[in-house]
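Throughout, a chain's letter reflects where its sequence line sits, starting with A, and its residues are numbered from 1.
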Amino acid sequence: MTATAPAYLGEFEYLVLLAAARLGTDAYALAIARELESQAGRESKRSALYTTLDRLENKGLIRWQIATGSAARERLPRRIYSLTTKGVASVRAARRAMSQMEVGLDDLLGNES
Amino acid sequence: MTGATRPPRWTDRLLRVCLPRGVEGQTLRGDLIEEFRTRVADGDDNGRAARRWFRRQGVSLALHYAARRVRLLAPPFGHDLRLAGRSLAAQPALTVAIVLMVGLSLGANTALFSVFDGLLFRPLPYRDADRIVHLAVSPATLSTLRGPDRDAVRQQERASPLLVERAAMGPASLFDLAGPAVQQWQLRPAELSDTAFDLLGVWPQLGRPFVEEDATDRALSVLLGDDVWRTRFGGDPAIVGQFVTIPGTSERDRWRVVGVMPQGFSFPDGANFWIPVYRSATPLVTPYARLAAGVTIEQLRAALPLVTVTPLREHVRPEGAFALGALLSGTTLLLMLALVQVAALLFARASSRSSEIGVRLALGASRLRLVRQFGVEALLLIGLSLAVGTLTAPILTTAVVDILPQELTLGQYLTPDMRAYLFGGAMAIGGLLILTLLPLDLIRRSSPLGLLRGGRSGIAGLRAVRVRTAMFVCQLAVATCIIYLSGLALRSYAALGASPLGFDPAGIIAIKMPRQEGPVRTAPGESSRGYLDAQRGMVMETLESLQLQPDVAAVSGGHTWPFQPGVSESSALTAERDPDQQLITGRTEWIIPDYPAVLGVELLSGAEPASATIGSADHQPVRPIVYQALVNESLARQLTAFGDPVGQRLVPNLALRFHITGVVPDIRLGRPDQAAPPTAFVYLPAPAAPAVVLARLKPNHPAGLAGIQTVVDRIWGARAPRAFPLDDAVRIATTDYRARTLLLNLISLVAIPLTLMGVAGALTFSTRQRTQDIAIELAIGAEPQMIERRVLRQTLRATGLALVLGLGAGVGVGRIISSSFFGVGAADPATLLLAALLITLVAWVAALLPARRAGRINPADALREA
């Protein structure tokens with residue numbers, strides 16, 4: 001597997017990457033957690049979320065930049081996450097794999113529009 | 001920012017400590033704070049749910065990153081720590097048993113060390129406490145001094161350049177001891193002069209100290225103790241400067257709070273309510289002072305020969321404190337017992353994991369690696385036990401202080417401090433590390449093959465049996481020693497109770513006459529005489545009134561009451577007829593007529609002097625002055641060489657003579673455990689009044705105490721002292737014996753179940769290890785009863801060895817602390833026998849169940865499992 005080859009993703013890793021992609025320039029940990037809660041119905045412990053973000057960073061799937069914090073967080077900085085090329089490729093690969101596995105299972109999965 | 005929008009402080013502090021440094025940690029903390037504020041804004045419960053959320057998430061995150069830091073800093077240690085944690089968690093019952101056993105033993109040892117250290121060694125929390133001394137003139141000396149002599153003593157002390165920073169402090173009789181101020185509010189009043197604060201280096205936490213003007217103010221200025229301030233006045237800082245009402249006192253008594261003393265300050269004698277010392281009521285010598293720079297106590301004593309000088313440390317130390325050394329040794333033994341139990345359990349665990357260890361060694365793991373793993377496990381156990389010990393130490397200290405007699409602990413600083421915790425920590429580390437060397441030794445010396453065989457054969461098996469047997473014997477020996485020492489303490493206390501005092505204290509009531517507390521308006525230059533006259537009048541009125549009480553059989557008095565603590569009335573006399581003038585060292589008691597009647601003793605010869613012969617010293621025209629006296633048997637025996645003791649004279653000094661009119665039996669007046677020394681009972685001449693009044697109740701009049709107290713209350717009013725039965729004084733005088741007996745027996749009560757558990761556990765493990773051997777015996781025809789009897793026999797053999805070791809150690813320790821016991825030797829046959837029987841019974845009972853289980857092994861099942 002080359003450095004840019006997509007990495008295999010766990011279910012929570014996949015959701016975190018999707019949440020970061022959806023949030024764009026506002027993708028910091030708190031927003032990612034809210035996005036997961038509101039869109040995926042997943043309330044996650046902060047330690048699990050930060051561990052996943054660190055793991056994704058170690059795998060080279062996301063990167064972060066420092067942004068100034070607001071008064072609501074006592075001016076403490078935020079880390080804004082963004083997907084790397086490898087991260088995007090990994091998300092696409094995971095989606096393809098999901099779609100392939102779902103073929104022929106419409107009755108079981110019940111297609112929702 | 002309001003309190004509701006501020007995150008919980010301790011969680012935030014925890015995050016600051018545990019999160020990574022730098023930007024990473026700041027972003028994490030910022031995320032949590034931002035979410036917290038959002039939840040506060042969205043919620044309608046004033047942020048309660050948000051704070052709960054923050055605490056939960058914050059602690060989780062803090063632990064996560066703390067654990068990560070440990071893994072990053074010490075990869076091997078972190079791995080071993082996780083492994084150790086899983087290993088302990090796999091046997092939760094055993095882990096909890098070890099942690100609780102060692103932890104509670106550590107806590108108990110730390111608690112007793114706190115008490116022992118606080119009573120004897122811990123520096124007093126006052127400025128330069130080692131240089132502060134207590135000064136007093138004994139009543140016996142005082143009674144021999146006339147007015148000009150007293151003034152000379154006073155002047156000598158006041159002008160001495162060897163003392164600086166003088167202060168007056170002492171207990172005060174302010175409230176009715178049966179009244180609400182004492183009974184409900186638990187007030188313990190005392191006096192402090194305005195100079196006391198500089199001397200002690202302690203100042204109020206609120207308000208101000210006493211100033212000179214407070215001593216003459218009609219509205220009594222008071223300082224409250226921290227406990228009184230918090231429990232009775234709600235800890236309100238606005239109390240300073242306010243007038244307060246004390247229950248049970250007159251509404252005309254106005255008490256103005258000028259300040260609150262700091263938490264923990266309770267000098268003297270556990271006081272928590274202070275008033276100023278009134279100027280005109282100063283004692284003969286200033287009670288407390290600091291030695292001038294470079295001055296020693298010996299120099300001061302030489303300069304003030306009539307003054308008793310005592311270092312503050314010794315003055316506040318209660319009698320019997322040294323006896324606690326016996327108690328500390330008792331709990332140290334208990335800790336050893338617990339540690340031996342733990343070693344046995346740890347060894348059993350190591351032996352049961354011998355196969356696992358054998359496999360790992362065979363696969364190439366180094367012995368050092370395995371030793372390190374077991375070491376980390378032991379360290380984790382030490383840490384958990386130490387945490388339990390540290391948490392329980394304050395609670396156990398309070399329990400120990402509550403158990404000990406109040407006379408020993410009141411006013412002492414006995415809470416655990418850093419020294420006590422360091423002591424507990426050192427014991428924990430030393431003891432557990434040494435004892436966990438046993439399983440480590442097994443790993444170090446055994447071969448993989450031997451371990452794979454389960455340690456049942458070969459050198460590993462033999463060593464395991466020897467070590468197990470040695471620890472079994474150790475457990476029983478330590479328990480035997482503890483039980484023997486507590487038996488000695490019990491017999492000692494019983495012997496003391498049965499020892500004749502020479503008189504019957506039952507039915508005797510004692511009342512200590514108070515000295516004037518409030519301001520006395522007297523003419524200049526006559527203040528002391530005016531005070532003495534008033535005092536004397538009230539004492540004489542008390543004596544006369546009590547004699548009229550229908551419940552009272554006899555009334556008398558003296559300078560002290562029997563067994564009064566802190567009294568040393570030793571004296572040196574010579575017999576006038578003795579040509580060699582040999583010194584007779586003994587005791588002088590100053591009494592008034594009817595003293596033998598009050599004590600209930602009959603004179604052996606002679607008679608009490610007639611009242612008319614007990615004259616006033618001032619009216620004796622010639623010198624030396626002659627006082628009338630009785631002597632006890634011990635003193636009379638030394639005088640018989642010169643003829644009949646009755647009629648002889650004793651010579652205390654050039655100015656005095658004691659004329660003997662009668663002989664009484666030996667009476668113990670100092671301590672119940674000390675024989676009566678040669679004693680002269682000298683009748684106080686007029687106008688001297690006794691400092692203590694004694695009254696004997698008629699038989700079958702137990703309610704007489706209340707009647708006496710009523711008389712005293714009527715005469716003395718708010719200053720009325722508490723009348724108490726002399727039995728109380730006997731009980732207080734045996735405080736150290738009671739303390740020793742109580743605690744040693746408490747330790748024994750803990751030692752017995754510990755021993756039962758340990759013996760049963762060791763035997764159960766041992767029979768389990770030999771299951772197959774026993775199964776084979778049963779299969780080839782052995783009777784189950786034979787197996788049971790063999791287990792019991794082996795137990796009793798080991799118990800026999802343990803008894804020899806344990807009783808030998810007990811006798812040895814008993815010899816070292818023999819001065820702590822009364823009427824019983826270190827090698828007391830009855831106690832030896834009882835301790836041996838008790839330990840044998842404990843071992844036999846503990847062995848019953850394992851023996852029965854061994855006999856009921858099913859050979860077919862056991863051999864099938866092999």
Side-chain angles (χ1 to χ4, degrees), chain A residues 10 12-13 15-17 19-20 22-83, chain B residues 1-9 11-43 47 49-72 75 78 82:
Chain A
F12 190 62
E13 291 174 333
L15 290 173
V16 168
L17 286 173
R22 286 169 69 89
L23 291 166
T25 56
D26 202 31
Y28 65 108
L30 184 57
I32 292 172
R34 285 182 189 145
E35 190 72 6
L36 286 171
E37 266 178 67
S38 62
Q39 297 300 320
R42 288 282 290 265
E43 190 170 349
S44 57
K45 277 173 82 170
R46 292 297 172 267
S47 54
L49 176 60
Y50 289 121
T51 303
T52 303
L53 288 168
D54 289 342
R55 196 162 54 241
L56 290 171
E57 186 188 355
N58 291 338
K59 286 183 182 178
L61 305 183
I62 55 173
R63 65 170 76 88
W64 51 266
Q65 284 178 312
I66 288 294
T68 316
S70 64
R73 48 190 292 133
E74 297 178 8
R75 303 285 175 203
L76 291 165
R78 298 181 296 166
R79 274 194 274 180
I80 306 296
Y81 293 93
S82 56
L83 274 65
Chain B
M1 186 164 49
T2 65
T5 56
R6 191 180 296 131
R9 199 179 302 171
T11 313
D12 196 31
R13 278 195 198 138
L14 186 66
L15 287 168
R16 286 172 196 264
V17 168
C18 295
L19 290 179
R21 301 278 181 262
V23 166
E24 188 184 356
Q26 289 174 358
T27 58
L28 293 167
R29 197 169 144 255
D31 290 342
L32 276 184
I33 291 173
E34 184 182 335
E35 176 142 7
F36 166 74
R37 297 250 166 81
T38 305
R39 285 173 181 254
V40 170
D42 292 345
R51 280 195 290 280
R52 272 200 304 274
W53 175 88
F54 189 88
R55 282 188 206 106
R56 205 170 49 243
Q57 296 295 339
V59 168
S60 167
L61 210 56
L63 287 176
H64 171 78
Y65 279 95
R68 194 180 83 162
R69 194 182 290 178
V70 168
R71 281 196 301 274
L72 287 173
R82 278 200 305 281

(message) Quick check for you: among B:L28, B:L32, B:T38, B:V23, which has the greatest number of heavy-atom pairs under 4.5 Å with chain A?
(response) B:L28
Between [atom1] on residue [X] and [atom2] on residue [Y], distance to nearest 0.5 Å:
{"X": "B:T27", "Y": "A:W64", "atom1": "OG1", "atom2": "CH2", "value": "7.0 Å"}
{"X": "A:I66", "Y": "B:Q26", "atom1": "CD1", "atom2": "CD", "value": "8.5 Å"}
{"X": "A:L76", "Y": "B:R29", "atom1": "CG", "atom2": "CZ", "value": "5.5 Å"}

(request) Count the heavy atoms belonging to other residues, nucleotides or ligands that lie under 6.0 Å from CD of A:Q39, then report whether that count exceeds 12. (result) yes
(message) A side-chain contact here means heavy atoms from C-beta on lying under 4.5 Å apart; do B:E35 and A:R46 qualify?
(response) yes
(request) Under 4.5 Å heavy-atom distance to chain B, tell me which part of A:R34 shows up: side chain, backbone, both or neither. (result) side chain
(message) Does any backbone or side-chain atom of A:A71 lie under 4.5 Å from a heavy atom of chain B? Answer side chain, backbone, both or neither.
(response) backbone
Does any heavy atom of chain A fall under 4.5 Å from the side chain of [X], the backbone, both, or neither of them?
{"X": "B:Q57", "answer": "side chain"}
{"X": "B:L63", "answer": "neither"}
{"X": "B:R56", "answer": "neither"}

(message) Could you report the tightest heavy-atom contact between A:A72 and B:I33, atom names first, then the distance?
(response) O-CG2, 3.8 Å
(request) Go through A:R73 and B:R37 one step at a time and tell me if the side-chain contact (heavy atoms from CB on, under 4.5 Å) criterion holds. (result) CA-CA 8 Å; A:R73 48 190 292 133; B:R37 297 250 166 81; over 6 Å; no
